[in-house]
Amino acid sequence: DSAQLSIVLGLRNELLLLAPNGALAWRAALQPFSTAPTLLTAGGQELETSRLEEYHFDPLQIVASDFGTAGQEQILVLLNTGELLRYTPDGEVAWRHARYSGSSNAAPQMIVADLDADGRDEVVLALFEPRRFSELVYLDDGTEVWEQPLSGRVTALEVVQYEPAARPAIAVGTSLGHVYLYDSNRNRFWFRTLNVPVSSMAAFALPDGPALAVGTAAGTVTAFDAEGRRFWNSYVDDSASQAVTSLSAPPGPPRSQQPVLAAVLANELGFPDIGLTALPEVAARAGQIARVTDLPCLVDADTGFGEPMN
């Protein structure tokens with residue numbers, strides 16, 4: 001294949017495409033909503049520009065796929081506010097998707113795969129709604145096909161294929177320790193409870209067959225088979241104080257003497273900020289510090305854990 005790969009860079013409020021030689025091909029604004037026609041006057045555009053400057057649109061995931069567009073890959077961007085933007089190879093917005101007015105508390109997750117075996121990729125989007133539950137949304141060519149409400153926050157999404165001839169399944173983990181397995185038609189295969197928040201997921205291969213690995217906030221990893229039965233449960237962190245933030249597996253079938261899974265642990269103190277802590281954890285830690293010193297304490301409240309007014 002003589003095709004050359006380009007590099008997509010996602011920055012705050014903008015997207016860049018670099019040519020194979022490193023030159024800037026184009027730069028596009030990450031604007032998840034269109035300007036209202038009433039604001040297309042000179043004064044209105046100035047007001048709109050000022051309003052947009054109050055928002056921080058950070059790309060959380062960037063995926064390239066042809067989405068059935070005759071082999072021309074398009075760029076799908078998931079923003080921190082939960083909106084989706086799809087760009088053409090020329091940097092034009094092909095479509096936008098937003099469930100509601102963007103929120104910095106949306107905790108979005110996304111997977112992209114050919115889930116219904118039609119030769120085109122579909123998108124599964126998970127959002128934490130203002131009404132305090134999560135929505136799992138299935139998109140086909142930008143159109144919502146179905147949605148599924150779930151209790152708690154969706155903290156992990158994974159595509160798992162248990163049988164080579166079967167369609168891939170959608171694995172979902174939540175902050176309540178729930179694990180769901182759905183097909184592309186919203187049929188639920190099984191539901192399991194781990195009693196601690198799910199922090200990561202990965203599909204991997206065992207000698208006994210394909211499995212779904214589920215990491216938790218208590219430092220455990222559990223492997224499930226196609227029927228939801230447990231292959232095994234591993235205590236990666238004996239102290240149960242470190243979350244399994246990432247799981248990864250080598251491609252292909254398992255090989256002799258080769259590890260089948262790798263896990264990454266996160267510690268609450270002394271490690272880089274990777275966005276796992278929420279308001280209760282920050283407030284609890286700040287209270288512990290304040291109780292043992294008479295000095296003034298300054299606490300970084302990050303984005304305020306909510307809307308810009310927070």
Side-chain angles (χ1 to χ4, degrees), residues 60-61 107-113 115 124 126 128 134 136 150-164 166 168-183 188-278 280-281:
L60 298 184
Q61 289 178 254
Q109 303 260 346
M110 175 181 72
I111 53 175
V112 179
L115 298 166
V124 176
F128 188 64
S134 291
L136 196 66
L150 298 169
S151 299
R153 291 176 182 266
V154 172
T155 51
L157 283 177
E158 183 62 43
V159 177
V160 56
Q161 187 157 10
Y162 281 109
E163 299 293 338
I170 305 161
V172 187
T174 76
S175 59
L176 301 180
H178 298 160
V179 182
Y180 305 86
L181 194 71
Y182 291 97
D183 68 5
R188 195 175 76 186
F189 292 121
W190 48 260
F191 163 74
R192 298 292 181 268
T193 299
L194 295 176
N195 299 318
V196 289
V198 173
S199 55
S200 56
M201 284 182 169
F204 72 115
L206 287 172
D208 295 329
L212 172 69
V214 180
T216 73
T220 63
V221 178
T222 303
F224 292 98
D225 68 6
E227 304 300 325
R229 295 185 295 260
R230 300 189 184 196
F231 278 121
W232 43 256
N233 190 68
S234 177
Y235 293 88
V236 183
D237 175 34
D238 293 335
S239 68
S241 62
Q242 300 180 86
V244 180
T245 61
S246 177
L247 292 167
S248 59
R255 300 177 182 177
S256 177
Q257 305 302 316
Q258 180 183 19
V260 295
L261 194 66
V264 176
L265 296 174
N267 200 320
E268 187 177 3
L269 297 175
F271 278 66
D273 176 16
I274 57 175
L276 284 179
T277 54
E281 288 84 358

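Keep in mind that this is a model prediction, so the values were computed, not measured. Numbering starts at 1 and runs along the sequence shown. Side chains are part of it too, since the values below use all heavy atoms of this structure and drop only hydrogens, waters and symmetry mates.
Between the side chain of W190 and the backbone N or O of A226, at least one donor-acceptor pair lies under 3.5 Å. In terms of modelled atom types and a separation under 3.5 Å, the side chain of S234 and the main chain of V221 share no donor-acceptor contact. Side-chain atoms of R192 come within 3.5 Å of backbone N or O of G228 as a donor-acceptor pair. Judged purely by atom type and a 3.5 angstrom limit, T174 has no side-chain atom pairing as donor or acceptor with the backbone of G152.
Going from atom CG of L181 over to atom CD of E158 covers 11.0 Å, rounded to the nearest 0.5 Å. To the nearest 0.5 Å, atom CZ of residue F224 and atom CG of residue N233 are 8.0 Å apart. Atoms CZ and CD1, on F189 and I170 in that order, are 9.0 Å from each other to the nearest 0.5 Å. Going from atom CD of Q109 over to atom CG of L136 covers 10.5 Å, rounded to the nearest 0.5 Å. The OG atom of S200 sits 9.0 Å away from atom CG of L265, with the distance rounded to the nearest 0.5 Å.
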Which is it for L247 and F204 under the side chain to side chain contact (heavy atoms under 4.5 Å, CB included) test, yes or no, and what are the steps along the way? CA-CA 10 Å; L247 292 167; F204 72 115; over 6 Å; no
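Contact of the L60 side chain with the P108 side chain is registered, since non-hydrogen atoms from C-beta on lie closer than 4.5 Å. The side-chain heavy atoms of T245 and S199, taken from C-beta on, include no pair separated by under 4.5 Å. At a threshold of 4.5 Å between non-hydrogen side-chain atoms, the residues M201 and V179 count as touching.
Using cut-offs of 30° and 60° for the angle between ring planes, the H178 and Y180 rings count as perpendicular.
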Review item, side-chain donor-acceptor pairs of residues 211-220, under 3.5 Å, at least two apart:
{"unit_1": "T216", "atom_1": "OG1", "unit_2": "A218", "atom_2": "N", "d": "3.2"}
{"unit_1": "T216", "atom_1": "OG1", "unit_2": "T220", "atom_2": "N", "d": "3.3"}
{"unit_1": "T216", "atom_1": "OG1", "unit_2": "T220", "atom_2": "OG1", "d": "2.7"}

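For D208, there are no salt bridge (Lys or Arg N to Asp or Glu O under 4.0 Å) partners, not counting sequence neighbours.
Atom CZ of F231 sits in a crowded spot, with more than 12 heavy atoms from other residues, nucleotides or ligands closer than 6.0 Å. Summarising the local packing, CD of Q161 is surrounded by more than 12 heavy atoms from other residues, nucleotides or ligands at distances under 6.0 Å.
Residue A156 comes nearest to V198 through the heavy atom pair CB-CG1, 4.1 Å, listed as atom of the first residue, atom of the second, then distance. L157 and M110 make their closest contact through CD1-N, 3.9 Å (heavy atoms, listed as atom of the first residue, atom of the second, distance). Across all non-hydrogen atoms, the minimal contact from W232 to L261 is CH2-CD2, 4.3 Å. Taking each heavy atom of A249 and V260 in turn, the nearest pair found is CB-O, 3.5 Å.
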